[in-house]
Structures are given as structure tokens and as C-alpha cells.
Amino acid sequence: ALAALFGFANIYYVMTGTGGDSLSLYDVWYKFGPGSLELLQKYMWSGLWNGLYIILARPAWVVVGILGLLFIGLGRKRVE
């Protein structure tokens, strides 16, 4: 559901022209907690931060959607 909300927000920003290409996960995190993001960037090993930044630069609805599908698949009860 959260991925759908981010997707709709992305479409809204593109249609109104107020946003860039897409609403990245980095942008969302920066709007809600810029201090925590800066601390993470400052104290995290640079190689690990570069890998994390690749994920954070993706559109938020894609990352949250993939995580949601993964959690749904892992959380299903097994039928015997």
C-alpha cells in the first residue's frame, strides 16, 4: 500500500511539474529525518554508503514495493 502511495505521489509530481523525474527514497528520508541521514553518511564506511546510496537514489515506490513483496513472500504461512 505504501508503494502505491509513493507511486501516486510520483505521478502527481510529474503531472504538476513541481518535482523532478521521480521521488527517490533519499528525498523522502531527507524530508523526514535529515539529521539521521547525515549521521549515517558521516559515520558509515564509504564503500557501504555508496552501495546504500545506489538503493536510495531509486524511486521510492520501486524500493518499497520490492521490500513489500519480499516481506509478503517471507510472511506467508506454509500449507501442508
Side-chain angles (χ1 to χ4, degrees):
L2 192 59
L5 289 175
F6 283 134
F8 290 134
N10 187 26
I11 292 170
Y12 172 76
Y13 286 135
V14 168
M15 288 177 62
T16 59
T18 57
D21 294 335
S22 63
L23 186 63
S24 71
L25 196 57
Y26 183 89
D27 296 334
V28 173
W29 191 347
Y30 190 78
K31 286 182 193 274
F32 288 107
S36 66
L37 190 60
E38 290 170 2
L39 280 174
L40 187 67
Q41 184 178 2
K42 183 178 180 181
Y43 292 112
M44 187 180 276
W45 177 55
S46 64
L48 187 59
W49 171 253
N50 290 338
L52 180 64
Y53 186 75
I54 290 171
I55 296 170
L56 291 176
R58 301 291 162 235
W61 67 271
V62 172
V63 176
V64 174
I66 290 172
L67 286 174
L69 290 174
L70 181 69
F71 288 145
I72 287 172
L74 292 174
R76 289 185 2 184
K77 293 183 179 182
R78 306 264 184 232
V79 178
E80 293 183 29

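- Under a hydrophobic clustering in which Ile, Leu, Val, Met, Phe, Trp and Tyr are joined whenever their side-chain heavy atoms come within less than 4.5 Å, directly or via other members, Y53 and W45 fall into the same cluster.
- Neither L25 nor L69 shares a network with the other; the hydrophobic side chains, linked directly or stepwise wherever heavy atoms of I, L, V, M, F, W or Y lie under 4.5 Å apart, form separate groups for each.
- Taking CG from N50 and CD1 from I55, the interatomic distance works out to 12.0 Å, rounded to the nearest 0.5 Å.
- Listed by chain and residue number, P59, I66 satisfy the side chain to side chain contact (heavy atoms under 4.5 Å, CB included) test with V62 (two or more places apart in sequence, or in another chain).
- Here side chain to side chain donor-acceptor pair (under 3.5 Å) pairs that include residues 24-42, with residues two or more places apart or in two chains, are S24-D27, W29-S36.
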Margin query: Determine whether M44 and L52 satisfy the following criterion, side chain to side chain contact (heavy atoms under 4.5 Å, CB included), listing intermediate values before the conclusion.
Written below: CA-CA 10 Å; M44 187 180 276; L52 180 64; 4.1 Å; yes

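- With a 4.5 Å cut-off between side-chain heavy atoms of Ile, Leu, Val, Met, Phe, Trp and Tyr, the cluster of L39 takes in Y43.
- Counting heavy atoms from C-beta on, the side chains of L56 and V63 never come closer than 4.5 Å.
- L70 shares a hydrophobic cluster with L74; the chain of contacts runs through ILVMFWY side chains whose heavy atoms sit under 4.5 Å apart.
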